[in-house]
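To find a chain, count down the sequence lines: A is the first, B the second, and so on, and within it residues start at 1. Every heavy atom of this structure was used, including side-chain atoms; hydrogens, water molecules and symmetry mates were not.
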There are 2 protein chains.
Amino acid sequence: MRRPDDTAGEMLRRPISLANEVYEALYGQLMSLKIEPGSRISVDQLVRSLGVSQTPIREALSRLEAQGLVVKQHLLGFRAADQLDRARLNEIYEMRMMLEVFAAGRFAERRSKAELKELRSLDNEMKGIDAGQSRSAYGEFAKRDAAFHGFMAKRCGNELVFDTLNRFHIHVHLFRLHFHARATTDANKEHEQLMIAVENGNAAAAEEAMRHHLERSKSRFEGAFE
Amino acid sequence: MRRPDDTAGEMLRRPISLANEVYEALYGQLMSLKIEPGSRISVDQLVRSLGVSQTPIREALSRLEAQGLVVKQHLLGFRAADQLDRARLNEIYEMRMMLEVFAAGRFAERRSKAELKELRSLDNEMKGIDAGQSRSAYGEFAKRDAAFHGFMAKRCGNELVFDTLNRFHIHVHLFRLHFHARATTDANKEHEQLMIAVENGNAAAAEEAMRHHLERSKSRFEGAFE
DNA sequence: CAATCAAATATCCTATAGGATTTGATATCG
DNA sequence: CGATATCAAATCCTATAGGATATTTGATTG
């Protein structure tokens, strides 16, 4: 499943789909925690608040359910997915440990000069955001961090790896947001190690750097459960 | 308030969902290739042939789209997903190589006596089929093979790994069916190696056996592209 | 005859309505 | 007072209808 905003590139834009509009609206509200995890989502209420009929709303919710952002029970309706618990977070990190380490290695082997430049600039932007700043500053950091990881995943030569990781990133993002995570200088240092390995085209080193980064990242998050 | 006849514990049977019925019907037709890969799927035609309205049909198709069995284009409708091409098959095997090797290792560490017994009986059933070369016999083999792999994935301790693999397995199944894949005796030998490692609780050996099995499996399938 | 255009048909997308079920509030009983 | 039953409202699920778009058919022209 792709991000909702990758329709760019289509010169001929067909008339927009209402279902798509609703999807984006709900996606935004879920990602910003305006709709609380676990809370009920009534179709009829959305009909009134959004001013569109049930049909496109149900379709949008169906797609969100496929992404795991929403859960549906027959005759009971939709709910926003629950917050990640410890076990689930652990599962996600086990997956990332496999897929992102793979992606880092393959990207290190295939990356072009232009890609390196783009990635480096993302990295620099992140370093420009001070650690321990406000929550909105973290939003900017998180956006770059997701782009940084996604950049390598997308260019690892395996689209399934990218799609699968994308599914998880959404939930990690929500988790971070909920626990008021901050940008850290540690993460920047770990990214730097990864950048160097990638720039050298050293796949083994890139894999190791990514592994180390994910392990540290995980232990930083686990503090939230204490 | 409880109903008079729900003493069966979890089997709370709510009135069936039409959307669900349609989903199952279409799923079956797709999995048996009654609906050809790449062919168009018209909602209005299904309304006439299934005798239900558009709404549950659209919802069923939405779910199939999330599973990757169907693709939708705005204003153009739904199509059955294309057959796997070589690049895509390769991507799936790269993923399986990571996730199933992981699953085999974790399962070898955690498996109970009862689980071992169940897995062994599945394995034996497969070996009994092995001689038969007919197409229907292969169907039986494929069913067990899927159960065999799924059994370990489901018990590896990581539900995301299981869910992700499940998504791919559907496509592998279709691919196999289309190319009338055979060669079951080799697979049985490889399974035997895996069983031994699992029974010994030797995670490293189980991982290696799974890795070897997948490599061989992949090269068997690649013959279809020659 | 091939290519182009126009009308007719098929299909998709959205809106609306109504039956079925759940949920929440009120009343009743022990 | 607490628990259960009853009724009303909210909500879900499905059916149907109609406007918008795509596709096919048929006619016209070079």
### Query
Looking at the rings of B/H213 and B/H191, which for Trp means the six-membered one, are their centres under 6.0 Å apart?
yes

### Task
Answer yes or no on whether B/R96 is positioned over the face of B/Y93, meaning its NZ or CZ is under 6.0 Å from the six-membered ring centre and within 45° of the axis.
yes

### Summary
Rounded to whole Å, CD of B/E21 lies from P of D/dT14 at a distance of 10 Å

### Query
Could you give the CZ-to-P distance, from B/F78 to D/dT23, as a whole number of Å?
15 Å

### Query
Within this structure, what is the CG-to-P distance between A/L61 and D/dT11, rounded to whole angstrom?
14 Å

### Message
Any side-chain N or O of A/S42 below 4.0 angstrom from OP1/OP2 of D/dC12?
### Response
yes

#### Entry: More than 12 heavy atoms of other groups within 6.0 Å of A/E36 CD
no

### Task
Can you tell me the distance, in whole Å, between the CD atom of A/Q73 and the C1' atom of C/dT21?
14 Å

### Message
Under 6.0 Å from the ring centre and within 45 degrees of the ring axis: does the NZ or CZ of A/R63 meet both conditions for the six-membered ring of A/Y23?
### Response
yes

### Query
Considering only D/dC12, C/dC13, C/dT14, which nucleotide approaches the side chain of A/A19 most closely?
C/dT14

### Message
Rounded to whole Å, how long is the line connecting atom CG of A/D44 with atom C1' of C/dT23?
### Response
13 Å

### Task
Write down the distance between CZ (B/R48) and C1' (C/dC12), rounded to a whole number of angstrom.
13 Å

### Task
Check every strand shown and say whether A/I41 touches a base, only sugar-phosphate, or nothing at a heavy-atom separation below 4.0 Å.
sugar-phosphate

### Task
Please report, rounded to the nearest Å, how far the P atom of D/dA22 is from the NZ atom of B/K72.
14 Å

### Shortest side-chain distance from A/H74, nucleotide among D/dA22, C/dT11, D/dC13
D/dC13

#### Entry: Aromatic centroids of B/F225 and B/F175 separated by under 6.0 Å
yes

### Message
So if I take every side-chain heavy atom of B/L18 and compare against D/dT11, D/dT14, D/dT21, which nucleotide ends up nearest?
### Response
D/dT14

### Query
Do the ring centers of B/F168 and B/F162 come within less than 6.0 Å of each other?
no

### Message
I need the residues from residues 51-59 of chain B with at least one non-hydrogen atom less than 4.0 Å from DNA chain C; give them sorted by number, or say none.
### Response
B/Q54, B/R58

### Message
Is the distance from the ring center of A/H173 to that of A/H178 below 6.0 Å?
### Response
no

### Query
D/dC12 C1' sits how many Å from A/R79 CZ, rounded?
16 Å

